[in-house]
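Lettering of chains follows the sequences in order, A, B, ..., and the numbering in each one begins at 1.
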Amino acid sequence: MSVEVEIRFSLNGDELRATVPAHRSLLAMLREDFALTSPRLGCGEGECGACTVMIGGQARAACLVLAVEVDGAEVETAECLRRSDGSLAAVPAALVRAGAVQCGFCMPGIAVTATALLRQKRGPLERREIERALEGNLCRCTGYTKAIDAIEAASREEERS
Amino acid sequence: MVRIECYSAPTSLREALQLLAKYGDRARVLAGGTDLVLRLEGVDRDLEGALVNIKQVPGLVGVRAVDDVYRIGALTTVTELREDPVVAEHMPVLADICDHFASGQIRNAATIGGNLVNASPAADLAVPLLLLDARVRLASLEGDQPRERELSLGDFFRGPGVTALEAGELLTAVVVPRPPPGFRARMRKAGTRPAMDISIVSVGVGFCVDGGLIRDARVALGATAPTPLRCPAAEKTLEGRPPDAATARAAAQSAVEAARPIDDVRASAWYRRHLVRVHLEREVLHVGRG
Amino acid sequence: MSRVRSSLIGSSVPKLDAAKRVIGDARYMDDLTLPRMLHGKILRADRPSARILGIDTSRAEVMEGVRAVITAADIPNHSFGHGRDNTPLKGEVVRCIRDEIAAVAADTPEQAEAACRRIEVKYGDLPPILTTDAARASGARAIHGDHPENVALTYHYDHGEVEQGRRASAHVVESTFHLRYVTHCCLGVSGVVASFDGEGKLTIWSQTQVPFLYRRDLAAIVGLDPRDIRVIQPFIGGAFGSKLDIYPFEPICVHLAQVTRRPVKILFSREEEFVASPTRQPAEIRCSMGCDADGNLTFREADLVLDNGGYTSWGATTPFVMMQTFSSLYRVPHVRFDAEVVYTNNPYAGSFRGYGNLQASFTVESLIDELADRVGMDPLELRLQNAQEQGEVTGQGMVISSCGFRECLEGSTTAARWKEKREEYRQQTGRVRRGIGMASMLHVGGGAKIYRSDGCGSILKLDDFGAVTLITGASEIGQGSETALAMITAEELGVKLEVVRVVNDDSEIRPWDVGVHASRTTFIAGNSARLAARAAREKLLKAAARLVERPEQELTIEDGEVLEQATGKHVMSVPKVIRSLHFQDKSELVVTNAYYEPPSVAQDEKFKGNVSATYAWATQVAEVEVDMDTGIIRVLKISAAHDVGRVINRLGCEGQVEGGIAMGMGYTLSEELLVQEGRVRNPCFRDYKIMTAPDMPEIELILVESLDEEGPFGAKGLGEAPAICTAPAIVNAVKSATGRRFTGLPITPERGAREFMKDAQ
């Protein structure tokens, strides 16, 4: 087994400590040690995007990040996209409204990728920009069209608010 | 079975080099992690050794103009390169490939140093850097003082996954000399998707046009040989000729003859050669048009 | 005085559980964990064909964390599968690369995997049989002893006299089509959790699409009484037909749980998912088709050879669906169809969205275009001329009770500006060319009677507060059935959608349903829910009438309120009616149930009969751009017209069509499971390429409402249709752009470039 390392990081706003084996992926730590279910193991090779989380506001494939790497960092998962009053944040709400969800396995990853995109780029987004941003998120059910519609709509809303 | 016997996150270059010296070929350098973590957590978990996370080492991120070169820190991510104003202005061919690199999630993690050290024959950043005559800086300890040596990329790549990097050495920077005035370069990564594709082949070409004739011609190929490489035969064909259709065809023919691609699940050697021809021909004309 | 009331039917309703799924609250197989749960891993054969000479598990058994190691010798290992030719573990012969040799249960998945690597298997290699030709050659070794010819199944169908049709033909076209391996790529990988209670009763968390048949089959495999098996389906991360069969990992997991007396979970890795999941049937199809000088179809003849792989799954019965397209897509007076399903040592195929119809439609619709060329007709005109109308009965006995075929042909081509674009794209010579092509399809739309019953049961329970719970036999695999069923229930009952809950995940409480397949759920389960809702509504109205002492006919229920029919005046709330029934001398609950069996018939031994209560039609038009040098084909636009009978949930319909087109595009252009020497060479998303967001074209969708008399509110099935005719539409478009006809899929850039190079030479 590997050496264990103590890390501190923030997870969806909570300051946490953990002791993890040096080889453990961030995805394994989030799912197994912190019982989060939104980052999903779709391939384990950074090809499908189902495990997308934000580290320091940037979308990352949690299966290709070691837990030790987030020492001192801010980690956010799709769980943080539900507000404390139970309502959904703009991006997931738009995904629901647009009918972008079928089996939904890929959806937390898409919601996180899109949230990171909207935080970085203010104002209405072009469809092409959204398609490009979703390139690393595979979906087998929906054909992406409605997810793109939703993110486009959310980018407009954001401008209004 | 995975066994990481030691983990450290050094906060200075000297400390990092001390660790590399101490663990020698058992040291595993963690930068962006996109290749390394696959071997730790992926299906073929086979990695052992001492993990050295160099992300805290200062001075390894960013693009700076220093004298007559651009210095790109080894930990600069592909996203940072893609958005960097210096890269956009002075090395647009590098910015362009960064836009066609994997996915956003991977671009945010992958570093220029990691992409080169990993030495895939299809490494996306290799072709534009070869076109730009880039060199790599490799640091190690001499006594207890860091020292650096510089190698051309061509000398750095030795084979698939094999580089000139020695035990105890760390790639700290990529150095790109200022291209000659009027130098224009383009590259093409063949594939059906904008980015999320492993390159079947990549083809790059750059030159200046002086009095209607090509000067300073450079041609680089990826995924056509055990390493990404420059193609002197095609460069020679271009040199001193007008950037017209006949020249483009001739250069493409030279490159095809020089290429030694393989058959694999992604493409046949025939198709790889075919794409070298098609793309080099197109790109020569593109660069010629300016 | 009449009042117009807004209807839920046809509106756009977000999937009821979408919020849960998008935020990560939904619990999929990956998320399930039980106290004391162990993790199982399977050791698979590393070769496609061999005799097993010995298995030594001793080194694995002593490893840390290992609780059990089992081989075929340790379990009853009853045969199972559609052909009863598969067993959970293999003890004597390896017939394909995914064969299960041994299994380990350990405290962690890593320990189980490490132990699997320590199991030593001695093989005596047998030369693998890798093609259907090799399998059928005289003297070929029998892959299964009881099938000496290596033919698992054969199908013969005919109507009319093909020779007569040939004689009447002015034009005949013939071609052989090659379809290769593709696989489902559900984003959620396969998995199962098995847990026994102290009394030997099994609870199994399964991703099955057919929980009731699954329970019966699993009982037989593992030697349990079906009454002692409870099947619970967690959220399922995609199925697309892949979960129609039981696979060896499921009984293996049950046996591991039995041996260890602890819950056991098996979850595939992505690589394992690629190697050990079903595929669509690879097929070689020789087909000829004719028409008279005016373009009227005269005959169709097809000979198919399907690669079954090492074992027979339900997927081996896909010729049953293929023949419907050969016999009945357009009016064809004379048809012959023969199919052979052949054993090889390749990975074995299963059922996959469209169930053979992608291969069949690719063939028929490619040749229809070729015929149009020969006759010199616009392919649209030839299709319109041969398209069926409502009221016709096809040669196979399929009764076309509602038919939007013509509207599909016209709607899709109008949206695509067919005539204009065809003219525009004529005679191109550049290196980048555009083209436009079309294709149609016919598929079952009202279930398919392939089992003794094609029905679905519903229980509807109204509580004292007016909450409505629909307990349905129908399963949810991500397609949105619960939303459509809730809408149908709310509409029929007269309550708000928000008060309806759907329970659809537990065999212990759900009434029987044959399963999610054949695009049947909205039609069959929808009718079933509607019947249960109607019974409840009648009961409520009767009770309300009694309470207010008025005739029932004068009352109605809308949005959860009993109203005066004529004026809309409020009478009383539904919960109040329910309470008045419940809390009285002769207490009564408002709980109703229904079982809907469609008026279809099982086909006779000649495969004739009206197998579905109705049929779905569609036409898709593809516009493409082809780079003649690189071979890259880009789809610019798909105009899709689908006869859905009646739209229940508009968002759901749109989602099904868009997703189906993405899947159809992958089948056409990029997806291929590379099977060489019986091994899977590209078991990862890097090399098995499904569509990504930037690959998607503009999609224009026309939903044709033919209002089926038997369908719930007129609706018919849609689930499979959108994936079915995308491939021939694209291939016909490529033909129009380049003059090159592709008879094999996928048209990867390399295959395209090779073909287009012929042009240059």
By a 4.5 Å heavy-atom criterion (distance strictly below it), what part of C:Q656 contacts chain A: side chain, backbone, both, or neither? both

In terms of side-chain geometry, is the basic nitrogen of A:E45 or C:R270 positioned less than 4.0 Å from the acidic oxygen of its partner? no

Any chance CD of C:E64 has more than 12 other-residue heavy atoms, nucleotides or ligands included, within less than 6.0 Å? no

To the nearest 0.5 Å, what is the distance between CD (C:E658) and OH (A:Y144)? 13.0 Å

Given C:L187, which partner from the list A:C48, A:C141, A:C139 fulfils the side-chain contact (heavy atoms from CB on, under 4.5 Å) test? A:C48

Rounded to the nearest 0.5 angstrom, the OG1-CG distance for C:T692 and A:N137 is 10.5 Å

Flag if over 12 foreign heavy atoms under 6.0 Å of CZ, A:R8: no

If one checks every heavy atom of A:R82 against chain C at 4.5 Å, the contacting part turns out to be both

Whether C:E273 and A:R140 form a salt bridge (side-chain N of Lys/Arg under 4.0 Å from carboxylate O of Asp/Glu) is what I want to check. no

For chain A, which of C:C185, C:C186, C:S12, C:A239 has the most heavy-atom pairs under 4.5 Å? C:C185

List for me each residue that meets ring-ring contact (aromatic ring centres under 6.0 Å, His included) alongside C:F274, sequence neighbours excluded, and say none if there are none. C:F685, C:Y688

When only pairs under 4.5 Å are counted, which of A:A50, A:A78, A:A133 shares the most heavy-atom pairs with chain C? A:A78

Heavy-atom count check: over 12 atoms from other residues, nucleotides or ligands less than 6.0 Å from C:K20 NZ? no

Please find the pair of heavy atoms, one from A:G143 and one from C:A662, that lie closest to each other, and give the distance. CA-CB, 3.7 Å

Mind checking the OG1-CD spacing from A:T142 to C:E654? Nearest 0.5 Å is all I need. 12.5 Å

List the steps, then state whether side-chain contact (heavy atoms from CB on, under 4.5 Å) holds for A:T37 with C:R27. CA-CA 7 Å; A:T37 52; C:R27 303 286 181 255; 2.8 Å; yes

Heavy-atom pairs under 4.5 Å with chain C - which of A:R40, A:R31, A:R132 has more of them than the others? A:R40

So the ring pair (Phe, Tyr, Trp, His ring centres under 6.0 Å) pairs with at least one residue in residues 73-93 of chain A (sequence neighbours excluded) are none

Checking A:E79 against C:I23 for the side-chain contact (heavy atoms from CB on, under 4.5 Å) test, could you report, in this order, the C-alpha distance in whole Å, the side-chain angles of both residues, the deciding distance, and whether it holds? CA-CA 6 Å; A:E79 274 87 358; C:I23 220 75; over 6 Å; no

Give the member of C:E476, C:Q479, C:H184 that has the highest number of heavy-atom pairs under 4.5 Å with chain A. C:H184

State whether the number of non-hydrogen atoms from other residues, nucleotides or ligands found under 6.0 Å of A:E126 atom CD is greater than 12. no

Any donor-acceptor pair under 3.5 Å linking the side chain of C:R21 with the backbone of A:C103? yes

Pick whichever of A:E131, A:E135, A:R127, A:M107 has the most heavy-atom pairs under 4.5 Å with chain C. A:E131

Most chain A-contacting option - heavy-atom pairs closer than 4.5 Å, from C:G24, C:G652, C:A19, C:C684: C:G24

Considering all heavy atoms of both residues, which atom of A:G42 and which atom of C:V189 are nearest to each other, and what is their separation? O-CG1, 4.3 Å

By a 4.5 Å heavy-atom criterion (distance strictly below it), what part of A:L138 contacts chain C: side chain, backbone, both, or neither? both

Tabulate, in ascending numerical order, the residues of residues 95-102 of chain A having at least one heavy atom closer than 4.5 Å to a heavy atom of chain C, or enter 'none'. A:L95, A:V96, A:R97, A:A98, A:G99, A:V101, A:Q102

Contact residues of residues 28-38 of chain C (partner chain A; heavy-atom separation under 4.5 angstrom): C:Y28, C:D30, C:D31

